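What follows is a set of notes on a single structure, which appears directly below.
A, B, ... follow the sequence lines: proteins, then strands. Residue 1 opens every chain. None of the values given here were measured: they were computed from a predicted structure.
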Amino acid sequence: MAQSKLPSNTYSKIYDVVRQIPPGKVATYGQVAELAGLFGKPRVVGYALFRVAEPDDSIPWQRVVNSKGEVSYSQVRNGSDYLQRHLLEEEGIEFKKNGKIDLNIYRWNTDPTNINF
DNA sequence: TACTTGACATATA
DNA sequence: ATATATGCCAAGT
């Protein structure tokens, strides 16, 4: 029974959550982790995205940012540090002068109990 | 099998 | 705001 070929169920959950992120919105690792059932384990999310970003381009891993509202550049990614920001701007996300994103606006509403506007 | 590293988050100083 | 410390889990070596 070889199952090492397919990704872990945990990862599949993460991928599914990331694909659910609508365009023009961003989600934090903690947010994705929570939706994926990995509450409190954002590192697994980051690692999962790092793993999936290569074989699967269908996953908008760029829409996943850290809690600081900054885009996490992967030094070992395509080598384009600005590519990330560029794609997000294409989505309609605007960056601050600090290079940060207004999570207050662009944060993906995954919390129905949260007050929107 | 054990240790180290990692696209993070939260708390504390 | 920055730096340090801790937690959590998986993959790499």
Side-chain angles (χ1 to χ4, degrees):
Chain A
M1 308 358 179
Q3 53 212 13
S4 51
K5 279 294 185 77
L6 297 175
S8 302
N9 188 13
T10 309
Y11 278 11
S12 300
K13 201 71 180 288
I14 296 171
Y15 306 149
D16 187 41
V17 173
V18 177
R19 290 184 209 214
Q20 291 176 55
I21 301 176
K25 296 267 182 165
V26 293
T28 63
Y29 288 93
Q31 195 117 29
V32 176
E34 182 181 357
L35 296 173
L38 298 171
F39 179 73
K41 306 159 190 113
R43 304 191 75 160
V44 185
V45 179
Y47 213 88
L49 289 173
F50 170 68
R51 281 294 177 196
V52 83
E54 299 195 58
D56 196 330
D57 295 343
S58 303
I59 300 182
W61 52 275
Q62 335 223 152
R63 293 180 188 145
V64 186
V65 299
N66 56 28
S67 63
K68 288 172 277 191
E70 307 177 35
V71 183
S72 302
Y73 299 111
S74 41
Q75 52 181 326
V76 289
R77 255 315 278 168
N78 296 335
S80 308
D81 48 348
Y82 63 95
L83 174 63
Q84 198 111 13
R85 174 172 172 172
H86 176 71
L87 292 174
L88 287 175
E89 289 182 315
E90 290 285 294
E91 296 289 311
I93 298 173
E94 189 172 358
F95 280 70
K96 296 287 245 190
K97 298 181 76 173
N98 317 6
K100 292 188 179 178
I101 307 174
D102 284 336
L103 290 179
N104 305 302
I105 304 175
Y106 298 109
R107 195 165 207 197
W108 182 29
N109 327 359
T110 48
D111 191 354
T113 59
N114 186 15
I115 303 176
N116 236 355
F117 281 70

### Query
Nearest heavy-atom pair of Tyr15(A) and Ala48(A): which atoms, and what distance?
CE2-O, 3.6 Å
#### Entry: Spatial distance of atom OH (Tyr106(A)) from atom CD1 (Ile101(A)) [nearest 0.5 Å]
9.0 Å
### Query
Nearest-Å distance, CG (Leu88(A)) to P (dA7(B))?
18 Å
#### Entry: d(CG, Leu35(A); P, dC8(B)) in whole Å
19 Å
### Task
Provide, to the nearest angstrom, the distance between the OH atom belonging to Tyr29(A) and the P atom belonging to dC8(B).
6 Å
### Arg107(A): side chain to side chain donor-acceptor pair (under 3.5 Å) partners, not counting sequence neighbours
Thr28(A), Gln31(A)
#### Entry: Integer-rounded Å distance: dA7(B) P and Leu49(A) CG
12 Å
#### Entry: Proximity to DNA chain C (any heavy atom under 4.0 Å), residues of residues 89-102 of chain A only
none
### Task
Please test Tyr29(A) against Leu49(A) for side-chain contact (heavy atoms from CB on, under 4.5 Å), starting from the C-alpha separation and ending with a verdict.
CA-CA 10 Å; Tyr29(A) 288 93; Leu49(A) 289 173; 3.8 Å; yes
### Message
Using every non-hydrogen atom in the two residues, find where Val65(A) and Glu70(A) come nearest and quote the distance to one decimal.
### Response
CB-O, 3.3 Å
Pairwise N/O distances under 3.5 Å, protein to nucleotides 10-12 of chain B:
none

### Query
Are any non-hydrogen side-chain atoms of Tyr11(A) and Tyr47(A) less than 4.5 angstrom apart?
yes
### Query
Mind checking what makes side chain to side chain contact (heavy atoms under 4.5 Å, CB included) contact with Lys41(A), not counting sequence neighbours?
Leu38(A), Val44(A)
### Message
Please determine whether residues Val18(A) and Val26(A) belong to a single hydrophobic cluster, defined as Ile, Leu, Val, Met, Phe, Trp and Tyr linked transitively by side-chain heavy-atom distances below 4.5 Å.
### Response
no
### Query
How does DNA chain C read in dot-bracket, base by base from 5' to 3', with Watson-Crick or G-U pairs under 3.5 Å and | used when the partner is on another strand?
.||||||.|||||
### Message
Taking the six-membered ring of Phe95(A) as reference, does the cationic atom of Arg85(A) (NZ for Lys, CZ for Arg) lie under 6.0 Å from its centre and within 45° of its axis?
### Response
yes
### Task
Nearest whole angstrom, please: distance from the P of dG6(B) to the CG of Asn66(A).
17 Å
### Query
If you take all heavy atoms of Ala27(A) and Ile21(A), which pair is closest and at what distance?
CB-CD1, 3.8 Å
### Query
Which pairs count as side-chain hydrogen bond (donor to acceptor under 3.5 Å, both in side chains) when at least one residue sits in residues 90-100 of chain A, sequence neighbours excluded?
Arg63(A)-Glu91(A)
## Note on the structure
Sequence neighbours excluded, the answer for side chain to side chain donor-acceptor pair (under 3.5 Å) partners of Gln20(A) is Asp16(A)
### Task
Provide, to the nearest angstrom, the distance between the NZ atom belonging to Lys68(A) and the C1' atom belonging to dA3(C).
12 Å
### Message
Whole angstroms only, please: what is the CH2-P distance between Trp61(A) and dG6(B)?
### Response
18 Å
### Task
Take nucleotides 8-13 of chain C nucleotide by nucleotide from the 5' end and write B, S or -, depending on whether a protein heavy atom sits under 4.0 Å from the base, only from the sugar-phosphate, or from neither.
BSSSS-
## Note on the structure
Sorted by chain and number, sequence neighbours left out, side chain to side chain contact (heavy atoms under 4.5 Å, CB included) with Leu87(A) holds for Gln62(A), Leu83(A)
